[in-house]
Amino acid sequence: MKNLEIARVFMEIADLLEIKGENPFRIRAYRRAAQNLEGLTRDIAEEAGKGTLEGIPGIGKDLAKKIDEYLKSGVVEFYERLKEEIPEGLLDLLAVPGVGPRTAKLLYERLNIQGLDELEKMAREHKLKDLPGLKEKTEENILRGIQLIKSGRERMHLGLAYSLADEIISTLKSLPEVKQISPAGSLRRMKETVKDIDILIVSSRPAEVMEVFVNLPLAGEILARGETKSSIRTREGTQVDLRVVEPECFGAALAYFTGSKAHNIRLREMARKKGLKVNEYGIFKEKSGQKIAGKEEADIYQTLNLPFIPPELREDLGEIEAARKGNLPSLVSPKQIRGDLHVHSKWSDGAHSIEELARAARKIGYEYVAVTDHSQSLGIAGGLKEKDLLKQIDEIGTINRKLKGFRLLTGTEVDIRGDGSLDIADELLARLDVVVAAIHSGFKQGKEKLTKRMVRAIKNRYVNIIAHPSGRLLGEREAYELDWEEVMREARKNRTALEINAYPQRLDLNDIRCRQAKELGLSLAISTDSHTINQFGTMNLGVATARRGWLEKKDIINTLPLPQLIKKVSKPV
DNA sequence: GCCGTTTTCGGCCCGACTGTTTTCAGTCG
């Protein structure tokens, strides 16, 4: 799918136009279009074929033409011309904290700086401080910013961000001045990766809270320090923003800082049309300035005649329209999960015995867990030979007889070989409760071959679930190429579920694919792929991904009680 | 450049903080 490629072109056009100093609304139009393309579950080429591009939010006549042009020729002439006008290297400058379009333009026009290396050189030679509006301080900030970029700090994955946020929140929570505290920003929206951590606090003594915050042991440097807002960078390089507000503003501030930006803009536009104004302090009548809400987050939505929109949906990808029509999904929640269908034991590369897994799972309230150790092809992960799998089936039977109110399911994570066949015989698969199949090698076969390979596995009548279907590892490995429409159509037809793997680096399927799967009527399983007992806790990340994909309880097979689950996964013979 | 229960033209979200200024532009979220 070319969706992301075109989104990137539009994003870069927006940046280039910004450096040129173009009309900000035109720039916003490009950004908005790009974001909507990123969130689009359908293939842009198909939309173009049907002539329905202009039905996509943010795409009008002009951008539809540019999309068509890209699909046909592989380039957008307008973009190419812009790049001739403005060196592409300038876009890299925008990544430096504190350097925006105006500064980038200034640096280019006055010093002919066209990239990061030149910027660094000029800053070191103190050539920047003579430019209008720049002095030593800016020079220092730019050099620090370049260091930061060079150290290669990218977005963190959600799991990491959450544990860092937990640490900070639990420290601040213990202060007597802190009345309420909540994560905000992309962290609260549970985006798969997070750039910085936003925290909101209610306190009538903001100065004291700020003092503690900027002096936290993990704080490396203070980026900003104001009366109500401060930012630090941790020693590890993560930016943490703290905002302190009065109790009457908490709801409004929470909505404001949770975002996303695009979602907030939509809310404020709606407010304006009603003669209201929304900011982080509340919702006000525009004329009189009278405050009408702000304490509770839900009040903000209610004032705009909307139901509460869960943070995970706030991306301006249709949630506001759905809310207006009363069509918001009733999102799946962690406590609806009744068991885990992808777990490893000591028998392959897991850390615990099967009985330990069972007891831990029962303790967190699960009704069942499927033991899905690797199969023989995965020698490196201690994959089980068929005769060992037979032994394991026996052992699970023995343990099940001991356990009350809990059921271990026999299973495997069977390897999908290069040709789409499985490395365990059908006769043996037939004896298992749950068969999870996955690709672990040959990621570069190409789209057509990989799709065929995947579909062949999906069609196997003993395969219940395809694990980590895209194969991506956040920050490490791109997803392999698949014809998703084809894969999902076959999955539906053959009653094979796709997995949402909750492992923090995977989150695979991702949010967009989850949403696509729902649109195509698939069943999904949320599984942790745990190799140790404490990884059971990552289930909430999987559920969050499902929620971001608009999924409901009925879409998720492991929300079912055991008998219904068994019925659901068994295919007609 | 998009968009329309005020508009096919004229709108298009809002405020904090920094650094450089002397009232504010630029950046950020």
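All chains are named by letter (A, B, ...) in the order of the sequence lines, taking the proteins before the strands, and each is independently numbered beginning at 1. Note that these values count all heavy atoms, side chains included, but never hydrogens, waters or copies made by symmetry. Because the structure is a prediction, the values reported are computed rather than measured.
A straight line from CD1 of A/I197 to P of B/dC28 spans 19 Å, rounded to a whole angstrom. In this entry the distance linking NZ of A/K274 with P of B/dT5 reads 13 Å, nearest Å. The interatomic distance linking A/E221 (CD) with B/dT18 (P) rounds to 13 Å, in whole Å. Between A/L242 atom CG and B/dA16 atom C1' there is a gap of 13 Å when expressed in whole angstrom units. The CG-P distance, from A/D241 to B/dT27, rounds to 18 Å in whole Å. The separation between A/K229 atom NZ and B/dC28 atom P is 11 Å, rounded to whole Å. Nucleotide B/dT21 holds its C1' atom 16 Å from the CG atom of A/L131, rounded to whole Å. Across the protein-nucleic acid pair, A/I142 atom CD1 and B/dT18 atom C1' stand 13 Å apart, rounded to whole Å.
Within 4.0 Å of A/K137, counting heavy atoms only, lie sugar-phosphate atoms of the nucleic acid but no base atom. Contacts of A/S230 with the nucleic acid, taken as non-hydrogen atoms under 4.0 Å apart, are absent. Residue contacts shown for A/K195 are limited to sugar-phosphate atoms, with no base heavy atom under 4.0 Å away. Residue A/V96 is classed as a sugar-phosphate contact, given heavy-atom separations below 4.0 Å to backbone atoms only. Heavy atoms of A/R272 sit under 4.0 angstrom from primed sugar atoms or phosphate atoms, though from no base atom. Heavy atoms of A/P24 sit nowhere under 4.0 angstrom from any nucleic acid atom.
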I'd like a list of close polar pairs between nucleotides 23-26 of chain B and the protein, N/O only, cut-off under 3.5 Å.
from   : atom 1 : to     : atom 2 : distance (Å)
B/dG26 : O3'    : A/T103 : OG1    : 3.4

Between the protein and nucleotides 1-4 of chain B, list the N/O to N/O atom pairs that are separated by less than 3.5 angstrom.
from  : atom 1 : to    : atom 2 : distance (Å)
B/dG1 : OP1    : A/R26 : NH2    : 2.9
B/dG1 : OP1    : A/Y30 : OH     : 3.0
B/dG1 : OP1    : A/D62 : OD2    : 3.4
B/dG1 : OP1    : A/K66 : NZ     : 3.4
B/dG1 : OP2    : A/R26 : NE     : 2.6
B/dG1 : OP2    : A/R26 : NH2    : 2.8
B/dG1 : O5'    : A/R26 : NE     : 3.4
B/dG1 : O6     : A/N23 : ND2    : 2.8
B/dC2 : OP1    : A/G60 : N      : 2.7
B/dC2 : OP1    : A/G60 : O      : 3.4
B/dC2 : OP1    : A/L63 : N      : 3.2
B/dC3 : OP1    : A/G58 : N      : 2.9

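Side-chain atoms of A/N279 lie closest to B/dC14 of the nucleotides B/dT20, B/dC14, B/dC12. Of the listed nucleotides (B/dG29, B/dA16, B/dT20), B/dG29 has the atom at the smallest distance from the side chain of A/D196.
Comparing B/dC12 with B/dA16, their C1' atoms sit 22 Å apart, to the nearest whole Å. The separation of B/dG11 from B/dT6, taken at their P atoms, amounts to 16 Å, rounded to a whole angstrom. If you take atom C1' in B/dT27 and the same atom in B/dT20, they sit 14 Å apart, rounded to whole Å. For the C1' atoms, the distance from B/dG1 to B/dT8 is 14 Å, rounded to whole Å.
With 3.5 Å as the limit, one finds a donor-acceptor pair spanning the side chains of A/Q239 and A/D241. Residues A/R513 and A/N510 have side chains that never bring a donor and an acceptor to within less than 3.5 angstrom of each other. Between the side chains of A/E177 and A/S203, not a single donor N or O lies within less than 3.5 Å of an accepting N or O. Of the N and O atoms on the side chains of A/R188 and A/T258, at least one donor lies less than 3.5 Å from an acceptor on the other residue. For the 3.5 Å distance criterion, the side chains of A/S470 and A/D508 qualify, holding a donor opposite an acceptor. At a cut-off of 3.5 Å, with distance as the only test, a side-chain donor of A/Q114 or A/N112 sits close to an acceptor on the other residue.
The closest side-chain heavy-atom distance from A/L331 to A/L313 is below 4.5 Å.
Of all the heavy atoms in A/A123 and A/L128, the pair that sits closest is CB-CD1, 3.7 Å.
Checked by atom type and distance alone, the side chain of A/S260 pairs as donor or acceptor with a backbone atom of A/H263 at under 3.5 Å. In this structure a side-chain-to-backbone donor-acceptor pair under 3.5 Å is missing from A/R243 to A/I199.
Put simply, A/K277 has a side-chain N or O that comes within less than 4.0 Å of OP1 or OP2 on B/dG15. Applying the 4.0 Å criterion to OP1 and OP2 of B/dC14, one finds that A/N264 has every side-chain N and O outside that range.
Both A/G133 and A/Q239 sit near DNA chain B, but only A/G133 has its closest nucleotide nearer the 5' end.
For residues 20-60 of chain A, every residue pair satisfying the ring pair (Phe, Tyr, Trp, His ring centres under 6.0 Å) rule, not counting sequence neighbours, is listed here: A/F10-A/Y30.
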Compile the donor-acceptor pairs under 3.5 Å between side chains in residues 74-88 of chain A and protein atoms, sequence neighbours left out, one pair per line.
from  : atom 1 : to    : atom 2 : distance (Å)
A/Y79 : OH     : A/E12 : OE1    : 2.4
A/E85 : OE2    : A/K20 : NZ     : 3.0

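Stems are defined here as 3 or more consecutive Watson-Crick or G-U wobble pairs with pairing distances under 3.5 Å; those involving DNA chain B are B:1-4 with B:9-12, B:14-19 with B:24-29.
Under the side-chain contact (heavy atoms from CB on, under 4.5 Å) criterion, A/P176 pairs with no residue at all, not counting sequence neighbours.
With hydrogens and angles ignored, no donor-acceptor pair under 3.5 angstrom links the side chain of A/Y281 to the base of B/dG15.
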